[in-house]
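The next block holds one structure in the form of C-alpha coordinates; read it before the comments.
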Protein chains: 2
Amino acid sequence: MFEFLHQKVNETINITDEEFEYAKTLFIPKKLRKKRFLLEEGEPCVYTTFVEKGLLRSFTVDDKGNEHILQFGMEGWWVADLYSFLTGEPSEYNIEALEDSELLLITKSSWDLLLDEVPAFERYFRTLIQNNLIATQRRLMGTISTTAEERYNKLLQDFPRISQRVPQHMIASYIGVTRETLSRLRSQMTSG
Amino acid sequence: MFEFLHQKVNETINITDEEFEYAKTLFIPKKLRKKRFLLEEGEPCVYTTFVEKGLLRSFTVDDKGNEHILQFGMEGWWVADLYSFLTGEPSEYNIEALEDSELLLITKSSWDLLLDEVPAFERYFRTLIQNNLIATQRRLMGTISTTAEERYNKLLQDFPRISQRVPQHMIASYIGVTRETLSRLRSQMTSG
DNA sequence: AAAAAACCGTGACATACATCACATCCATTT
DNA sequence: AAATGGATGTGATGTATGTCACGGTTTTTT
(Lines give C-alpha, C1' and ligand atoms only; values in the text may rest on other atoms or scores of the structure.)
Protein backbone atom coordinates (compact mmCIF):
# COMPACT_ATOMS: atom_id res chain seq x y z
CA MET A 1 0.00 0.00 0.00
CA PHE A 2 2.90 2.36 0.69
CA GLU A 3 5.23 1.11 -2.05
CA PHE A 4 4.45 3.91 -4.45
CA LEU A 5 4.96 6.66 -1.88
CA HIS A 6 8.19 4.97 -0.79
CA GLN A 7 9.38 4.91 -4.38
CA LYS A 8 8.53 8.57 -4.98
CA VAL A 9 10.24 9.66 -1.76
CA ASN A 10 13.33 7.65 -2.64
CA GLU A 11 13.61 9.51 -5.93
CA THR A 12 14.64 12.69 -4.13
CA ILE A 13 16.00 11.80 -0.70
CA ASN A 14 17.84 8.99 1.09
CA ILE A 15 15.74 7.57 3.86
CA THR A 16 16.29 4.61 6.21
CA ASP A 17 13.76 1.81 6.55
CA GLU A 18 13.10 2.85 10.15
CA GLU A 19 12.34 6.39 9.10
CA PHE A 20 9.91 5.25 6.44
CA GLU A 21 8.28 2.77 8.83
CA TYR A 22 7.73 5.70 11.17
CA ALA A 23 6.31 7.84 8.39
CA LYS A 24 3.83 5.09 7.46
CA THR A 25 2.22 5.27 10.89
CA LEU A 26 1.27 8.91 10.26
CA PHE A 27 -0.75 8.41 7.07
CA ILE A 28 -4.42 7.57 6.80
CA PRO A 29 -5.38 5.44 3.77
CA LYS A 30 -8.64 6.37 2.10
CA LYS A 31 -10.58 5.33 -0.95
CA LEU A 32 -12.61 8.01 -2.68
CA ARG A 33 -15.17 7.20 -5.36
CA LYS A 34 -15.55 9.21 -8.52
CA LYS A 35 -17.44 12.51 -8.08
CA ARG A 36 -17.01 12.45 -4.30
CA PHE A 37 -15.38 15.44 -2.59
CA LEU A 38 -12.29 15.35 -0.40
CA LEU A 39 -12.64 19.04 0.43
CA GLU A 40 -15.31 21.68 -0.08
CA GLU A 41 -14.69 25.40 -0.29
CA GLY A 42 -15.15 27.10 3.06
CA GLU A 43 -14.17 24.19 5.27
CA PRO A 44 -10.59 23.94 6.54
CA CYS A 45 -8.23 21.69 4.58
CA VAL A 46 -7.37 19.18 7.29
CA TYR A 47 -5.23 16.87 5.17
CA THR A 48 -2.59 17.02 2.54
CA THR A 49 -3.03 14.09 0.23
CA PHE A 50 -0.81 11.75 -1.74
CA VAL A 51 -2.55 10.22 -4.75
CA GLU A 52 -1.64 6.54 -5.01
CA LYS A 53 -4.13 5.75 -7.69
CA GLY A 54 -6.82 7.61 -9.58
CA LEU A 55 -7.21 11.28 -10.33
CA LEU A 56 -8.34 14.36 -8.39
CA ARG A 57 -8.87 17.98 -9.27
CA SER A 58 -8.70 21.11 -7.12
CA PHE A 59 -10.85 23.99 -8.35
CA THR A 60 -12.77 27.13 -7.46
CA VAL A 61 -16.29 28.21 -8.45
CA ASP A 62 -16.81 31.93 -9.19
CA ASP A 63 -19.87 34.19 -8.80
CA LYS A 64 -21.25 33.17 -12.17
CA GLY A 65 -20.90 29.49 -11.36
CA ASN A 66 -17.91 28.99 -13.61
CA GLU A 67 -15.29 26.51 -12.44
CA HIS A 68 -11.56 27.22 -12.57
CA ILE A 69 -9.15 24.34 -12.15
CA LEU A 70 -5.94 24.88 -10.20
CA GLN A 71 -4.56 21.40 -10.46
CA PHE A 72 -5.13 17.87 -11.68
CA GLY A 73 -3.82 15.49 -9.00
CA MET A 74 -2.51 12.45 -10.78
CA GLU A 75 -0.83 9.31 -9.40
CA GLY A 76 2.27 10.24 -7.41
CA TRP A 77 1.19 13.83 -6.85
CA TRP A 78 0.19 15.69 -3.74
CA VAL A 79 -3.01 17.70 -3.51
CA ALA A 80 -4.25 20.19 -0.90
CA ASP A 81 -5.33 23.76 -0.37
CA LEU A 82 -1.87 24.61 0.91
CA TYR A 83 -2.84 27.90 2.53
CA SER A 84 -5.78 26.40 4.37
CA PHE A 85 -3.73 23.35 5.38
CA LEU A 86 -0.99 25.52 6.87
CA THR A 87 -3.15 28.12 8.60
CA GLY A 88 -6.42 26.34 9.35
CA GLU A 89 -8.34 29.10 7.54
CA PRO A 90 -11.34 28.12 5.40
CA SER A 91 -10.23 26.71 2.06
CA GLU A 92 -10.61 28.57 -1.22
CA TYR A 93 -10.66 25.39 -3.26
CA ASN A 94 -12.78 22.29 -3.74
CA ILE A 95 -11.08 18.93 -4.22
CA GLU A 96 -12.99 16.22 -6.06
CA ALA A 97 -12.23 12.75 -7.39
CA LEU A 98 -12.47 12.46 -11.19
CA GLU A 99 -11.88 8.70 -11.00
CA ASP A 100 -12.16 6.12 -8.22
CA SER A 101 -9.03 6.92 -6.23
CA GLU A 102 -6.78 5.56 -3.51
CA LEU A 103 -5.24 8.19 -1.27
CA LEU A 104 -2.89 8.62 1.65
CA LEU A 105 -3.91 11.48 3.94
CA ILE A 106 -1.81 13.22 6.56
CA THR A 107 -2.95 15.84 9.06
CA LYS A 108 -1.10 19.07 9.81
CA SER A 109 0.02 17.89 13.24
CA SER A 110 1.31 14.56 11.87
CA TRP A 111 3.03 16.43 9.08
CA ASP A 112 4.71 18.79 11.55
CA LEU A 113 5.80 15.76 13.54
CA LEU A 114 7.20 14.09 10.46
CA LEU A 115 9.21 17.17 9.51
CA ASP A 116 10.61 17.47 13.03
CA GLU A 117 11.45 13.81 13.47
CA VAL A 118 12.75 13.08 9.98
CA PRO A 119 14.62 16.09 8.53
CA ALA A 120 15.00 14.26 5.24
CA PHE A 121 11.27 14.75 4.76
CA GLU A 122 11.74 18.48 5.14
CA ARG A 123 14.01 18.27 2.11
CA TYR A 124 11.59 16.05 0.26
CA PHE A 125 8.76 18.52 0.70
CA ARG A 126 11.00 21.49 -0.05
CA THR A 127 11.94 19.87 -3.35
CA LEU A 128 8.34 18.98 -4.10
CA ILE A 129 7.12 22.51 -3.46
CA GLN A 130 10.04 23.94 -5.41
CA ASN A 131 9.13 21.93 -8.51
CA ASN A 132 5.51 22.87 -8.10
CA LEU A 133 6.47 26.54 -7.88
CA ILE A 134 8.55 26.33 -11.05
CA ALA A 135 5.68 24.66 -12.89
CA THR A 136 3.12 27.15 -11.58
CA GLN A 137 5.30 30.12 -12.55
CA ARG A 138 5.58 28.73 -16.07
CA ARG A 139 1.85 28.19 -16.30
CA LEU A 140 1.28 31.73 -15.06
CA MET A 141 3.64 33.22 -17.61
CA GLY A 142 2.05 31.11 -20.33
CA THR A 143 -1.40 32.33 -19.32
CA ILE A 144 -0.23 35.94 -19.47
CA SER A 145 1.73 35.75 -22.69
CA THR A 146 0.40 33.02 -24.98
CA THR A 147 -2.84 32.26 -26.84
CA ALA A 148 -5.40 29.68 -25.77
CA GLU A 149 -4.26 27.40 -28.60
CA GLU A 150 -0.65 27.48 -27.42
CA ARG A 151 -1.73 26.75 -23.86
CA TYR A 152 -3.84 23.83 -25.07
CA ASN A 153 -0.96 22.34 -27.03
CA LYS A 154 1.35 22.81 -24.06
CA LEU A 155 -1.08 20.93 -21.85
CA LEU A 156 -1.33 18.03 -24.30
CA GLN A 157 2.45 17.96 -24.49
CA ASP A 158 2.86 17.95 -20.68
CA PHE A 159 0.06 15.45 -20.05
CA PRO A 160 -0.54 13.43 -23.23
CA ARG A 161 -3.11 11.15 -21.54
CA ILE A 162 -5.15 13.96 -20.02
CA SER A 163 -7.73 14.30 -22.79
CA GLN A 164 -8.69 10.64 -22.46
CA ARG A 165 -9.11 10.97 -18.71
CA VAL A 166 -11.00 14.22 -18.16
CA PRO A 167 -13.87 15.88 -20.05
CA GLN A 168 -13.05 18.72 -22.41
CA HIS A 169 -14.83 21.38 -20.39
CA MET A 170 -12.41 20.78 -17.52
CA ILE A 171 -9.46 21.08 -19.84
CA ALA A 172 -10.97 24.35 -21.03
CA SER A 173 -11.27 25.65 -17.48
CA TYR A 174 -7.68 24.58 -16.76
CA ILE A 175 -6.28 26.61 -19.64
CA GLY A 176 -8.60 29.49 -18.83
CA VAL A 177 -11.15 29.55 -21.66
CA THR A 178 -14.79 28.54 -22.03
CA ARG A 179 -15.79 25.10 -23.26
CA GLU A 180 -17.16 26.68 -26.44
CA THR A 181 -13.85 28.31 -27.26
CA LEU A 182 -11.93 25.07 -26.72
CA SER A 183 -14.41 23.20 -28.86
CA ARG A 184 -13.92 25.64 -31.77
CA LEU A 185 -10.16 25.53 -31.27
CA ARG A 186 -10.12 21.76 -31.57
CA SER A 187 -12.21 21.68 -34.73
CA GLN A 188 -9.95 24.31 -36.32
CA MET A 189 -6.89 22.26 -35.42
CA THR A 190 -8.14 19.00 -36.93
CA SER A 191 -9.34 20.71 -40.12
CA GLY A 192 -6.20 22.83 -40.64
CA MET B 1 25.01 44.66 6.45
CA PHE B 2 23.37 41.33 7.34
CA GLU B 3 20.92 42.69 9.91
CA PHE B 4 17.94 42.66 7.59
CA LEU B 5 18.53 39.11 6.41
CA HIS B 6 19.03 38.02 10.01
CA GLN B 7 15.75 39.63 10.96
CA LYS B 8 13.82 38.02 8.10
CA VAL B 9 15.29 34.59 8.85
CA ASN B 10 14.40 34.95 12.53
CA GLU B 11 10.79 35.57 11.59
CA THR B 12 10.37 31.95 10.56
CA ILE B 13 13.05 29.85 12.26
CA ASN B 14 15.15 29.77 15.40
CA ILE B 15 18.80 30.03 14.61
CA THR B 16 21.88 30.28 16.83
CA ASP B 17 24.38 33.11 16.45
CA GLU B 18 27.05 30.61 15.38
CA GLU B 19 24.80 29.28 12.65
CA PHE B 20 24.09 32.74 11.32
CA GLU B 21 27.77 33.70 11.51
CA TYR B 22 28.47 30.66 9.36
CA ALA B 23 25.74 31.59 6.92
CA LYS B 24 27.19 35.10 6.55
CA THR B 25 30.46 33.69 5.18
CA LEU B 26 28.56 32.14 2.25
CA PHE B 27 26.97 35.31 0.89
CA ILE B 28 28.48 37.76 -1.58
CA PRO B 29 27.40 41.40 -1.10
CA LYS B 30 26.80 43.34 -4.30
CA LYS B 31 25.53 46.76 -5.27
CA LEU B 32 23.61 46.99 -8.50
CA ARG B 33 22.76 50.32 -10.11
CA LYS B 34 19.40 51.08 -11.66
CA LYS B 35 18.87 49.58 -15.14
CA ARG B 36 21.76 47.14 -14.70
CA PHE B 37 21.15 43.43 -15.16
CA LEU B 38 21.85 40.71 -12.62
CA LEU B 39 20.89 37.97 -15.07
CA GLU B 40 20.21 37.85 -18.79
CA GLU B 41 18.04 35.25 -20.50
CA GLY B 42 20.10 32.37 -21.84
CA GLU B 43 22.89 32.47 -19.30
CA PRO B 44 22.77 30.19 -16.25
CA CYS B 45 21.40 31.70 -13.06
CA VAL B 46 24.45 31.31 -10.84
CA TYR B 47 23.05 33.07 -7.78
CA THR B 48 19.92 33.28 -5.78
CA THR B 49 19.60 36.79 -4.43
CA PHE B 50 18.33 38.41 -1.25
CA VAL B 51 17.26 42.03 -1.77
CA GLU B 52 18.46 44.15 1.16
CA LYS B 53 17.58 47.43 -0.41
CA GLY B 54 16.16 48.62 -3.70
CA LEU B 55 13.95 46.87 -6.22
CA LEU B 56 14.48 44.25 -8.93
CA ARG B 57 12.25 42.65 -11.51
CA SER B 58 12.42 39.25 -13.22
CA PHE B 59 10.84 39.13 -16.67
CA THR B 60 10.77 37.47 -20.07
CA VAL B 61 10.72 39.01 -23.56
CA ASP B 62 8.56 37.29 -26.19
CA ASP B 63 8.92 37.04 -29.99
CA LYS B 64 7.18 40.36 -30.51
CA GLY B 65 9.45 42.11 -28.05
CA ASN B 66 6.79 42.35 -25.36
CA GLU B 67 7.96 42.03 -21.78
CA HIS B 68 6.17 39.88 -19.21
CA ILE B 69 7.00 40.35 -15.55
CA LEU B 70 7.16 37.32 -13.28
CA GLN B 71 8.12 39.10 -10.08
CA PHE B 72 9.01 42.37 -8.47
CA GLY B 73 11.82 41.72 -5.98
CA MET B 74 11.36 44.15 -3.13
CA GLU B 75 13.34 44.58 0.10
CA GLY B 76 13.39 41.32 2.05
CA TRP B 77 12.51 39.16 -0.92
CA TRP B 78 14.49 36.57 -2.83
CA VAL B 79 14.88 36.64 -6.58
CA ALA B 80 16.25 34.06 -9.03
CA ASP B 81 15.38 31.93 -12.01
CA LEU B 82 14.76 28.98 -9.73
CA TYR B 83 14.86 26.33 -12.44
CA SER B 84 18.11 27.60 -13.89
CA PHE B 85 19.62 28.02 -10.42
CA LEU B 86 18.81 24.43 -9.49
CA THR B 87 19.74 22.73 -12.75
CA GLY B 88 22.36 24.97 -14.32
CA GLU B 89 20.28 25.16 -17.52
CA PRO B 90 20.12 28.50 -19.38
CA SER B 91 17.72 30.89 -17.68
CA GLU B 92 14.33 31.81 -19.13
CA TYR B 93 14.22 35.12 -17.30
CA ASN B 94 16.05 38.42 -17.16
CA ILE B 95 16.65 40.09 -13.80
CA GLU B 96 17.14 43.84 -13.75
CA ALA B 97 17.45 46.55 -11.08
CA LEU B 98 14.61 49.09 -11.14
CA GLU B 99 16.34 51.15 -8.43
CA ASP B 100 19.88 51.31 -7.10
CA SER B 101 19.97 48.14 -5.04
CA GLU B 102 22.00 46.32 -2.39
CA LEU B 103 22.00 42.56 -2.71
CA LEU B 104 23.28 39.43 -1.04
CA LEU B 105 24.15 36.69 -3.52
CA ILE B 106 24.66 33.01 -2.83
CA THR B 107 25.84 30.35 -5.30
CA LYS B 108 24.25 26.94 -5.71
CA SER B 109 27.17 25.15 -4.06
CA SER B 110 27.15 27.51 -1.07
CA TRP B 111 23.42 27.14 -0.82
CA ASP B 112 23.69 23.34 -0.85
CA LEU B 113 26.33 23.62 1.86
CA LEU B 114 24.12 25.89 3.93
CA LEU B 115 21.18 23.50 3.72
CA ASP B 116 23.37 20.54 4.71
CA GLU B 117 25.16 22.29 7.57
CA VAL B 118 22.21 24.22 9.00
CA PRO B 119 18.97 22.23 8.68
CA ALA B 120 17.00 25.18 10.04
CA PHE B 121 17.74 26.90 6.73
CA GLU B 122 16.12 24.02 4.91
CA ARG B 123 12.98 24.90 6.83
CA TYR B 124 13.41 28.60 6.18
CA PHE B 125 13.60 28.06 2.44
CA ARG B 126 10.81 25.52 2.47
CA THR B 127 8.57 28.08 4.15
CA LEU B 128 9.68 30.81 1.77
CA ILE B 129 8.97 28.71 -1.30
CA GLN B 130 5.69 27.56 0.18
CA ASN B 131 4.46 31.12 0.60
CA ASN B 132 5.66 31.99 -2.86
CA LEU B 133 3.76 29.01 -4.27
CA ILE B 134 0.55 30.05 -2.51
CA ALA B 135 0.89 33.60 -3.84
CA THR B 136 1.70 32.40 -7.36
CA GLN B 137 -1.26 30.02 -7.38
CA ARG B 138 -3.54 32.88 -6.38
CA ARG B 139 -2.14 35.12 -9.05
CA LEU B 140 -2.60 32.36 -11.62
CA MET B 141 -6.22 31.78 -10.64
CA GLY B 142 -6.81 35.51 -10.72
CA THR B 143 -5.34 35.74 -14.19
CA ILE B 144 -7.59 32.94 -15.39
CA SER B 145 -10.80 34.06 -13.74
CA THR B 146 -10.87 37.83 -13.23
CA THR B 147 -10.82 40.95 -15.40
CA ALA B 148 -7.82 43.24 -15.91
CA GLU B 149 -9.41 45.84 -13.66
CA GLU B 150 -9.84 43.38 -10.80
CA ARG B 151 -6.24 42.25 -11.18
CA TYR B 152 -5.05 45.85 -11.13
CA ASN B 153 -6.99 46.63 -7.95
CA LYS B 154 -5.66 43.46 -6.36
CA LEU B 155 -2.11 44.52 -7.15
CA LEU B 156 -2.61 47.99 -5.66
CA GLN B 157 -4.10 46.37 -2.59
CA ASP B 158 -1.21 43.91 -2.19
CA PHE B 159 1.51 46.49 -2.95
CA PRO B 160 0.15 49.99 -2.27
CA ARG B 161 3.51 51.65 -2.97
CA ILE B 162 4.15 49.90 -6.26
CA SER B 163 2.69 52.55 -8.55
CA GLN B 164 5.03 55.17 -7.14
CA ARG B 165 8.05 52.93 -7.63
CA VAL B 166 7.63 51.40 -11.09
CA PRO B 167 6.37 52.77 -14.38
CA GLN B 168 2.82 51.96 -15.46
CA HIS B 169 3.83 49.88 -18.46
CA MET B 170 5.56 47.42 -16.11
CA ILE B 171 2.49 47.20 -13.95
CA ALA B 172 0.53 46.50 -17.12
CA SER B 173 2.87 43.69 -18.10
CA TYR B 174 2.67 42.26 -14.57
CA ILE B 175 -1.11 41.98 -14.68
CA GLY B 176 -1.00 40.72 -18.25
CA VAL B 177 -2.37 43.58 -20.36
CA THR B 178 -0.86 46.17 -22.69
CA ARG B 179 0.12 49.60 -21.44
CA GLU B 180 -2.67 51.16 -23.51
CA THR B 181 -5.29 49.00 -21.86
CA LEU B 182 -4.03 49.87 -18.38
CA SER B 183 -3.98 53.55 -19.27
CA ARG B 184 -7.62 53.46 -20.36
CA LEU B 185 -8.53 51.44 -17.28
CA ARG B 186 -7.01 54.06 -15.01
CA SER B 187 -8.76 56.98 -16.65
CA GLN B 188 -12.11 55.14 -16.41
CA MET B 189 -11.50 54.47 -12.74
CA THR B 190 -10.73 58.07 -11.79
CA SER B 191 -13.67 59.43 -13.79
CA GLY B 192 -16.20 56.87 -12.48
C1' DA C 1 -34.96 -0.16 -20.16
C1' DA C 2 -36.20 4.26 -19.26
C1' DA C 3 -35.08 8.61 -17.47
C1' DA C 4 -31.95 11.96 -16.22
C1' DA C 5 -27.88 14.20 -16.43
C1' DA C 6 -23.56 15.31 -18.39
C1' DC C 7 -21.12 16.24 -22.46
C1' DC C 8 -19.98 18.33 -26.94
C1' DG C 9 -20.62 21.03 -31.10
C1' DT C 10 -22.14 25.17 -33.47
C1' DG C 11 -24.45 29.51 -34.93
C1' DA C 12 -25.40 34.61 -33.90
C1' DC C 13 -23.97 38.23 -31.46
C1' DA C 14 -21.47 41.02 -27.70
C1' DT C 15 -17.29 42.65 -25.56
C1' DA C 16 -12.79 43.06 -23.54
C1' DC C 17 -8.56 43.70 -24.98
C1' DA C 18 -4.73 44.16 -28.65
C1' DT C 19 -2.68 46.70 -32.28
C1' DC C 20 -1.19 50.70 -34.72
C1' DA C 21 -0.50 55.49 -34.99
C1' DC C 22 0.41 59.95 -33.21
C1' DA C 23 1.01 63.65 -29.70
C1' DT C 24 2.57 65.29 -25.33
C1' DC C 25 5.11 65.25 -21.33
C1' DC C 26 8.96 64.11 -18.37
C1' DA C 27 13.60 62.60 -17.06
C1' DT C 28 18.25 61.55 -17.98
C1' DT C 29 22.36 62.40 -20.39
C1' DT C 30 25.80 65.21 -22.60
C1' DA D 1 20.37 74.21 -22.07
C1' DA D 2 19.69 71.22 -25.59
C1' DA D 3 18.85 66.77 -26.93
C1' DT D 4 17.65 62.17 -26.65
C1' DG D 5 14.94 58.50 -25.10
C1' DG D 6 11.45 56.80 -21.97
C1' DA D 7 6.80 57.20 -20.41
C1' DT D 8 1.84 58.24 -20.76
C1' DG D 9 -2.62 59.34 -22.99
C1' DT D 10 -5.97 58.73 -26.65
C1' DG D 11 -8.30 57.77 -31.10
C1' DA D 12 -9.52 54.25 -34.85
C1' DT D 13 -9.78 49.73 -35.87
C1' DG D 14 -9.08 44.56 -35.56
C1' DT D 15 -9.47 40.10 -33.24
C1' DA D 16 -9.77 36.56 -29.84
C1' DT D 17 -12.70 35.06 -26.72
C1' DG D 18 -17.14 35.28 -24.00
C1' DT D 19 -22.21 34.83 -23.83
C1' DC D 20 -26.58 32.95 -25.04
C1' DA D 21 -29.27 29.60 -27.24
C1' DC D 22 -30.29 25.18 -29.22
C1' DG D 23 -29.76 20.20 -30.62
C1' DG D 24 -27.72 15.84 -30.68
C1' DT D 25 -25.02 12.31 -28.43
C1' DT D 26 -23.14 9.73 -24.75
C1' DT D 27 -22.91 8.34 -20.03
C1' DT D 28 -24.82 7.64 -15.57
C1' DT D 29 -28.52 6.76 -12.51
C1' DT D 30 -32.73 4.61 -11.06
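The sequence lines fix the lettering, A, B, ..., with proteins before strands; numbering per chain opens at 1. Note: hydrogens, waters and symmetry copies are ignored here, and every other heavy atom, side chains too, is used.
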Q: Using the closest heavy atom to pick a nucleotide of DNA chain C for each, name whichever of B:Ala148 or B:Lys35 lands nearer the 5' end.
A: B:Ala148

[N] phosphate, OP1 or OP2: any side-chain N/O from [X] under 4.0 angstrom?
X        : N      : value
A:Thr178 : D:dT17 : no
B:Lys64  : C:dT19 : yes
A:Ser183 : C:dC8  : no
A:His169 : C:dA6  : no

Round to a whole Å and report the spacing from [atom1] of [X] to [atom2] of [N].
X        : N      : atom1 : atom2 : answer
B:Leu185 : C:dA16 : CG    : P     : 11 Å
B:Tyr152 : C:dA16 : OH    : P     : 19 Å
B:Ile175 : C:dA16 : CD1   : P     : 15 Å
B:Leu98  : D:dA7  : CG    : C1'   : 14 Å
A:Arg186 : C:dC8  : CZ    : P     : 8 Å
A:Leu182 : D:dT19 : CG    : C1'   : 16 Å
A:Lys34  : C:dC7  : NZ    : C1'   : 12 Å
A:Arg179 : C:dG9  : CZ    : P     : 9 Å

Q) Do NZ/NE/NH1/NH2 and the carboxylate oxygens of B:Glu99 and B:Arg165 come within less than 4.0 Å? A) yes

Q. Between B:Lys30 and B:Glu102, is there a salt bridge with N-O shorter than 4.0 Å?
A. no

Q | Most 5' of A:Glu180 and B:Val166 on DNA chain D, judged by nearest nucleotide | A | B:Val166

Which nucleotide wins on minimum distance to the side chain of [X], given the candidates [options]?
X        : options                : value
A:Arg184 : D:dT19, C:dA18, D:dT17 : D:dT19
A:Asn66  : D:dT19, D:dT10, D:dG9  : D:dT19
B:Gln168 : D:dT17, C:dC17, D:dT8  : D:dT8

**Q.** Check: A:Lys34 main-chain N/O paired with A:Asp100 side-chain donor or acceptor under 3.5 Å
**A.** yes

Q: Would you check if the side chain of A:Asn94 reaches a backbone N or O of A:Phe59 as a donor-acceptor pair within less than 3.5 Å?
A: yes

(Q) If you count heavy atoms of other groups shown closer than 6.0 angstrom to NZ of A:Lys108, is the number above 12? (A) yes

